[in-house]
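Below is one structure, written out as structure tokens, with a few remarks after it.
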Amino acid sequence: MTAAPGASHPELDAMAGAIMALLDRYQTLIDAGRPVDLDHVEESVATLCAQILALPESEGRQFLAPLATLLEKADRLQATLPPA
């Protein structure tokens, strides 16, 4: 992700990247027929969103694209989950 000049938030970049990597890992597990617990992901996303919302709007906007990607990954993962 490319931050605006003077408005870098590497900790949020790292958090978003870690969540995306976790979603990829969970997708691999689901594809292999293994169960996953998504509670941790939900908590992590809520924390990430809260921290982004706490930023000034101009800085928070830099996270729109990564959040959209994260949402797409989560939607794909959810679509492949077996029925509860």
Side-chain angles (χ1 to χ4, degrees):
M1 173 181 355
T2 304
S8 178
H9 296 281
E11 70 286 357
L12 297 180
D13 290 336
M15 185 182 294
I19 294 168
M20 286 190 220
L22 184 60
L23 290 175
D24 289 339
R25 174 153 167 68
Y26 280 179
Q27 186 66 62
T28 300
L29 292 172
I30 290 168
D31 292 345
R34 300 196 47 204
V36 297
D37 179 5
L38 299 177
D39 290 342
H40 175 71
V41 175
E42 187 175 333
E43 293 170 14
S44 296
V45 170
T47 299
L48 176 63
C49 288
Q51 290 184 16
I52 291 170
L53 286 171
L55 296 173
E57 184 177 342
S58 61
E59 293 178 29
R61 286 191 180 279
Q62 71 183 339
F63 292 96
L64 287 175
L67 287 175
T69 301
L70 196 150
L71 180 60
E72 289 170 12
K73 285 180 179 276
D75 285 346
R76 279 194 304 266
L77 187 133
Q78 184 175 15
T80 61
L81 285 173

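The first residue in the sequence is number 1, and the count goes up from there. All heavy atoms count here, side chains included; hydrogens, waters and symmetry mates do not.
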Do you know which two heavy atoms are closest between [X] and [Y], and how far apart they sit?
X: Ala16; Y: Leu70; result: O-CD1, 4.3 Å
X: Gln51; Y: Leu12; result: OE1-CD2, 2.9 Å
X: Gln62; Y: Glu59; result: CG-O, 2.9 Å

Q | Val41 side chain reached by Leu77 side chain, heavy atoms, under 4.5 Å | A | no

(Q) What I'd like to find out is whether the side chain of Phe63 reaches to under 4.5 Å of the side chain of Leu55, using heavy atoms alone. (A) yes

**Q.** Chi angles and distances behind the side-chain contact (heavy atoms from CB on, under 4.5 Å) call for Asp75, Leu71
**A.** CA-CA 6 Å; Asp75 285 346; Leu71 180 60; 3.9 Å; yes

Q: Please check if Ile19 and Leu29 belong to a single hydrophobic cluster, counting links between Ile, Leu, Val, Met, Phe, Trp and Tyr side chain heavy atoms closer than 4.5 Å.
A: yes

Q) For the side-chain contact (heavy atoms from CB on, under 4.5 Å) test, which of Val45, Ile52, Thr47 pairs with Met15? A) Thr47

(Q) Which residue in the set Thr28, Leu23, Ile30 passes side-chain contact (heavy atoms from CB on, under 4.5 Å) when paired with Val36? (A) Ile30

Q: Answer yes or no: are there more than 12 heavy-atom neighbours, outside Glu11 itself, under 6.0 Å from its atom CD?
A: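 Yes.
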
Q | Leu22/His40 under side-chain contact (heavy atoms from CB on, under 4.5 Å): CA gap, chis, key distance, verdict | A | CA-CA 10 Å; Leu22 184 60; His40 175 71; 3.6 Å; yes

Q. To the nearest 0.5 Å, how far apart are CD in Glu72 and CE in Met20?
A. 9.5 Å

